[in-house]
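To start, the structure under review is shown below, and the notes come after it.
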Amino acid sequence: MQETPHGWWYNQLFTNWKKFEVTYISILLALQVIVYLIAPDSWIGMASGIFGTLCLVYGMKGRKISFVFGFLQCLAMTYVAWISHAYGSFAMDIFYVISQPIGWFMWGHDEATKRFSKQTRSLIFAGAFVAWGLGWWILALVHGQLPYFDSINFVVSFIAQILYILKFQENWSLWIVVNLANIIYWGILAVQIATGATAIGTFGAALSQVALQAALLFNSLYATKVWASGEADHEGGAGK
């Protein structure tokens, strides 16, 4: 009996998954729900965490559907960043919202991942470091929260997102830096809110972002391996 072919959406969502990937994705999504149950004061924060996890997980697989979840996550994260006075994150989330349709278009026309030469890669990483320092200075002028960390959201993630849209493997190295900085950034804000040191934002929203960034850090580390192996080429085997 001939097998009934599935549509594009089914292929993107459900095909070609390893048992390990299904397990760790389930754990990462459960983490977002657990954090919400601990501090249920921001369902938008939980939504941001769930959509953000799905966005980067499907991005790890090299699949276009990543940008659907990314668009939803960016809308939620823009609100969370605004109420937390995380102006660097807020500015970047606006850029992320705009970049999702662009990424959808780009990934539909160029399926293989790419890699820079060693010299170009060094120049990009050096430029990201300089841009971080300039962003720190600008955010300090507008009295943003923790500008030395928020600057990484403001500039390094900008570079990482462009490389992600263009399917360069080096994007994941920059995301690892961004995720580490964000864990510290949102962790500090969560502690400040819990102890009453600041009244800006909510504890649940900040804690949800700690959980999200921890999930994204693990995914970025794994995605580095997947993209380098070529498994993410051609939308992770999902087909058109």
Side-chain angles (χ1 to χ4, degrees), residues 52 55-56 59-60 62 66-67 70-71 73-74 77-78 81 85-107 109-188 209 212-230 232-233:
C55 168
L56 271 299
M60 172 271 295
S66 162
F67 295 102
F71 184 79
Q73 188 267 339
C74 291
M77 184 57 198
T78 299
H85 289 199
Y87 297 129
S89 296
F90 176 76
M92 280 311 305
D93 286 320
I94 293 176
F95 166 71
Y96 289 151
V97 170
I98 297 171
S99 72
Q100 301 308 307
I102 298 174
W104 175 278
F105 175 82
M106 294 294 294
W107 281 29
H109 290 73
D110 187 2
E111 303 300 337
T113 60
K114 294 166 284 189
R115 187 174 180 84
F116 289 114
S117 67
K118 183 176 180 181
Q119 182 179 12
T120 302
R121 186 161 55 248
S122 298
L123 289 174
I124 289 173
F125 291 160
F129 180 79
V130 173
W132 165 70
L134 292 174
W136 177 355
W137 176 68
I138 293 171
L139 290 173
L141 289 179
V142 298
H143 306 293
Q145 288 268 43
L146 306 174
Y148 36 90
F149 286 122
D150 200 20
S151 175
I152 294 179
N153 272 324
F154 189 47
V155 290
V156 178
S157 57
F158 178 85
I159 299 171
Q161 182 69 1
I162 292 176
L163 297 184
Y164 178 71
I165 289 173
L166 297 176
K167 272 200 167 182
F168 278 100
Q169 296 175 24
E170 287 79 6
N171 86 88
W172 295 111
S173 297
L174 294 179
W175 283 123
I176 289 171
V177 174
V178 172
N179 298 149
L180 282 169
N182 273 328
I183 290 173
I184 299 171
Y185 176 81
W186 289 105
I188 292 174
Q209 294 309 307
L212 171 61
Q213 295 303 321
L216 298 188
L217 173 60
F218 181 88
N219 186 72
S220 295
L221 291 167
Y222 182 67
T224 301
K225 171 183 175 295
V226 172
W227 280 42
S229 70
D233 291 353

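Predicted model, so just to flag it, every value in this text is computed and none were measured. Along the sequence shown, the residues carry numbers beginning at 1.
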TODO: Answer whether the closest heavy-atom distance between the side chains of L163 and W172 falls below 4.5 Å.
DONE: no
Open item on the list: Against L217, only a single residue in N179, V178, V177 fulfils side-chain contact (heavy atoms from CB on, under 4.5 Å); can you say which?
Closed with: N179
- [ ] State, yes or no, whether a side-chain contact exists between V155 and L134 at a heavy-atom distance under 4.5 Å.
- [x] no
- [ ] Could you check Y164 against W107 for side chain to side chain contact (heavy atoms under 4.5 Å, CB included), going step by step and ending with a plain yes or no?
- [x] CA-CA 10 Å; Y164 178 71; W107 281 29; 3.6 Å; yes
Task: Closest non-hydrogen atom pair, A160 against N171 - done: O-CB, 3.5 Å
- [ ] Give a yes or no answer on whether the side chain of E170 reaches the backbone of F116 with a donor-acceptor pair at less than 3.5 Å.
- [x] yes
Task: ring pair (Phe, Tyr, Trp, His ring centres under 6.0 Å) evaluation trace for F67 with F105 - done: CA-CA 10 Å; F67 295 102; F105 175 82; over 10 Å; no
Open item on the list: Just checking F95: does its CZ atom have more than 12 heavy atoms from other residues, nucleotides or ligands closer to it than 6.0 angstrom?
Closed with: yes
Task: 4.5 Å side-chain heavy-atom contact, S66 and W104 - done: no
Task: T224 vs I176 side-chain heavy atoms within contact, under 4.5 Å - done: yes
- [ ] Compare all side-chain heavy atoms of F71 with those of V97 and state whether any distance is below 4.5 angstrom.
- [x] yes
Task: Approximate separation, where rounding is to 0.5 Å, of Q73 CD and T78 OG1 - done: 8.0 Å
- [ ] With the side chain counted from C-beta on, respond yes when W186 and L212 share a heavy-atom pair under 4.5 Å apart, and no when they do not.
- [x] no
- [ ] Please answer whether the main-chain N or O of M60 pairs with a side-chain N or O of W227 as donor and acceptor at a distance below 3.5 Å.
- [x] yes
- [ ] Keeping the roles fixed (side chain from N219, backbone from L56), state whether a donor-acceptor pair exists under 3.5 Å.
- [x] yes
TODO: Please work out whether the ring planes of W136 and W132 are parallel, tilted or perpendicular, with thresholds of 30° and 60°.
DONE: tilted
Open item on the list: Could you check whether any side-chain heavy atom of Q161 comes within less than 4.5 Å of a side-chain heavy atom of W175, counting everything from C-beta outward?
Closed with: yes
Open item on the list: How close do L174 and A128 get, counting heavy atoms only, and between which atoms?
Closed with: CD2-CB, 4.4 Å
